[in-house]
Amino acid sequence: MDHGAQQHQQHHPMEQQQQSYHQQHPAMMRLYEVQKEVQSLGSAVCTFSGLQHDRDYKRIERELTRLLLEVDKVDTEGKPELQGARKRAAQEVEGLLRYLEENATHPSRIAIEDLSNEARQLVDDRVVAPQRSGGVAEINDELVEALQEMILRLTQVKTEGRVPLRKARYRALTRMCAVQDVVEGRTQQQTLSLPLSGETHEAVNLINQVMVKVSVARSQLVALLMGLSGRDSCAHLSRILTEMQVELDALDVSGNAAIRNYRKQVVEEINGLLKHLDLEGEGEDTRRYDLGQNNSIREIEAVRAHVFHLREGVLRHCMMGDVSFRPKAELQSLLTHLDQVDTAKNPCIREARRRAVVEVQAIITFLDLREALARRQPGTEHPAHRAVWLVLGSLSDLQAQALGFDGKRVEKSYMMLEELLTKQLLALDAVDPQGDETTKMARKQAVKFAQNILNYLDMKTDGWEY
């Protein structure tokens, strides 16, 4: 260390006294107090997943604005050290205010809210409103499919790794999935040849009465999950359902197997509703909405890492003209592994698994086409079929590029690849089978193959995240 550096490190006693003086200065002490309050609000800002009109947003914003004014009021007496400390404190508060606003107004947060509102309107029109007006809830396969489509769209919303956006998406998904589960459960119930006749046993009348209450409770639960219930609470509905269970347990079924089964069925439906009533605190636990910590996701990621190495090996051997490296058995075992991954009905985990399956299947189809091209006997083909084979040869080379592509959609190489694939589709469209059935089938398969490559390339570059 040179002499200048030593001098820089050794503080003059007067300088040390000055530093200590500034740390004890009333202005600095006040800034320390404000900083403690800022830190306590920091975690609330970083996990807030609501919108600007929410009560919690206004409370946090109000507290941060107050602290900013407190910092501004600190008298630095013109001392540079104190001015610097005050400026840093103000920047910290301003940063939190900015982060709070950015997340609450982020396009992805708005997209989550729009989808939630769309689902809320659908459920209100079909289930909640009819039940409240004394009518019958319109529960059918169409409703289930509409909910499933909205859930799928919700999984596609990008969160950019931001905790508040992940949390908002997770909370919306859990509620929509719960409603779908309740609705699907009810659809199955409607197909059963129950309730039994009241003449069979006096207990049947009582079970029938409970069934009516369960039907009302179901609509109340759906309303709660979708934020359509102003008065009811999860705790209140839980008490009502538990009282129904007690009522059913007290029934004397006198050894009648049919009535016992009927009671069991109603008890199971009540249990099915109760399991969805713990959602009020859902999403507060980071492990739930940060799926990077989820064991199933880790399992999928381990498979994807294996797939990556196999893909690199396949492409490397193909570049050298070596077609002997065909790890198809290994790839098939990875598909079996993915099929056994527990998704826990989580649509994001399901989508992550689906994508991993597509990655494996892309390599298998690439190897299959390579083998088919190697086995081809050109001399025996119909002229139109030969034209299809020429396109398939080009598609095989383009798929190799798609498998190895690791860029973004804005890149020139992506646009060129997409354009070349589209040209191959046009070339297939121009093929005239001339009545040859084999050529017709081959062209149809080649079109599907080209579209699959485009879809794969699209999936690789859509920026999806779990």
Side-chain angles (χ1 to χ4, degrees), residues 304 307-332 334-335 354-464:
R304 289 187 69 227
V307 171
F308 174 80
H309 288 298
L310 289 175
R311 185 175 67 224
E312 293 297 298
V314 166
L315 293 175
R316 192 166 55 250
H317 280 80
C318 282
M319 277 178 68
M320 295 185 293
D322 178 10
V323 292
S324 62
F325 184 65
R326 296 193 297 270
K328 282 174 70 175
E330 204 172 343
L331 289 162
Q332 288 292 352
L334 290 175
L335 284 178
R354 184 193 72 79
R355 285 167 170 263
V357 166
V358 170
E359 287 179 29
V360 178
Q361 287 172 335
I363 304 171
I364 292 172
T365 55
F366 174 70
L367 290 169
D368 285 344
L369 180 57
R370 285 274 170 169
E371 287 174 22
L373 287 164
R375 288 196 309 266
R376 180 191 167 208
Q377 295 176 332
T380 60
E381 295 161 355
H382 188 283
H385 198 176
R386 195 176 305 126
V388 175
W389 273 115
L390 285 170
V391 173
L392 283 169
S394 299
L395 285 174
S396 180
D397 293 337
L398 291 172
Q399 191 183 17
Q401 291 180 46
L403 286 170
F405 185 78
D406 193 29
K408 296 181 179 178
R409 290 182 187 179
V410 291
E411 292 177 21
K412 191 177 179 181
S413 53
Y414 173 88
M415 289 183 271
M416 276 181 64
L417 191 51
E418 193 177 41
E419 187 182 336
L420 288 169
L421 284 163
T422 307
K423 280 181 179 176
Q424 297 309 313
L425 279 169
L426 293 171
L428 286 169
D429 195 48
V431 172
D432 180 7
Q434 297 169 11
D436 184 61
E437 289 301 318
T438 309
T439 304
K440 279 183 185 177
M441 190 175 290
R443 187 179 70 170
K444 187 178 178 182
Q445 287 174 337
V447 166
K448 188 178 178 184
F449 188 76
Q451 286 171 337
N452 284 344
I453 300 172
L454 279 166
N455 292 339
Y456 171 77
L457 194 59
D458 188 56
M459 186 194 81
K460 278 187 88 171
T461 55
D462 67 3
W464 186 82

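FYI, side chains are in, hydrogens and waters are out, and symmetry mates aren't considered; it's all heavy atoms of this structure. None of the values given here were measured: they were computed from a predicted structure.
Between Lys440 and Asp432 there is no salt bridge, since none of the side-chain N atoms of the basic residue sits less than 4.0 Å from a carboxylate O of the acidic one. Glu359 has no carboxylate O lying under 4.0 Å from a charged side-chain N of Arg355, or vice versa, which leaves the two without a salt bridge. A salt bridge links Asp458 with Arg409: at least one charged nitrogen is closer than 4.0 Å to a carboxylate oxygen.
In terms of heavy-atom proximity, Thr461 sits nearest to Gly407 at CG2-O, 3.8 Å. The nearest pair of heavy atoms linking Ala402 to Tyr456 is O-CE2, 3.6 Å. When every heavy atom of Leu373 is checked against every heavy atom of Leu392, the shortest pair comes out as CD1-O, 4.2 Å. Of all heavy-atom pairs spanning Pro327 and Leu367, the tightest one is CD-CD1, 4.0 Å. In this structure, Leu395 and Ala450 approach most closely via the heavy-atom pair CD2-CB, 3.8 Å. Between Arg370 and Ser396, the shortest heavy-atom distance links the atoms NE-OG, 3.1 Å.
Here the CD-CG distance, from Glu371 to Leu369, works out to 10.0 Å after rounding to the nearest 0.5 Å. Atom-to-atom distance recorded for Asp429:CG and Gln424:CD is 12.5 Å, nearest 0.5 angstrom. In this structure, the separation between CZ on Arg376 and CZ on Arg386 is 7.5 Å, given to the nearest 0.5 Å. With values rounded to the nearest 0.5 angstrom, Leu398 atom CG is found 5.5 Å from Leu420 atom CG. How far CD of Gln451 is from CG of Leu421: 11.0 Å, rounded to the nearest 0.5 Å.
The side-chain contact (heavy atoms from CB on, under 4.5 Å) test applied to Asn455 returns Asn452, not counting sequence neighbours.
The environment of Met415 atom CE is dense: over 12 non-hydrogen atoms of other residues, nucleotides or ligands sit within 6.0 angstrom. With a 6.0 Å radius and a threshold of 12 heavy atoms from other residues, nucleotides or ligands, Met441 has its CE atom at or below the threshold. Other residues, nucleotides and ligands contribute more than 12 heavy atoms inside 6.0 Å of the CZ atom of Phe325.
One N or O on the side chain of Arg443 and one on the backbone of Val431 form a donor-acceptor pair closer than 3.5 Å. For the pair Lys328 (side chain) and Asp368 (backbone), a donor-acceptor distance under 3.5 Å is absent. The closest donor-acceptor contact from the side chain of Gln399 to the backbone of Ala362 lies under 3.5 Å.
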For residues 311-321, please give each side-chain donor-acceptor pair under 3.5 Å, one per line with the distance, not counting sequence neighbours.
| from | atom 1 | to | atom 2 | distance (Å) |
| --- | --- | --- | --- | --- |
| Arg311 | NE | Leu403 | O | 3.3 |
| His317 | ND1 | Gly313 | O | 2.8 |

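His382 pairs in a side-chain contact (heavy atoms from CB on, under 4.5 Å) with only one of the listed residues (Val388, Asp436, Thr438), which is Asp436.
Residues Lys444 and Lys448 have side chains not in contact (no heavy-atom distance under 4.5 Å, counting atoms from C-beta outward). Put simply, the side chain of Gln401 does not reach to within 4.5 Å of the side chain of Phe405, judged on heavy atoms.
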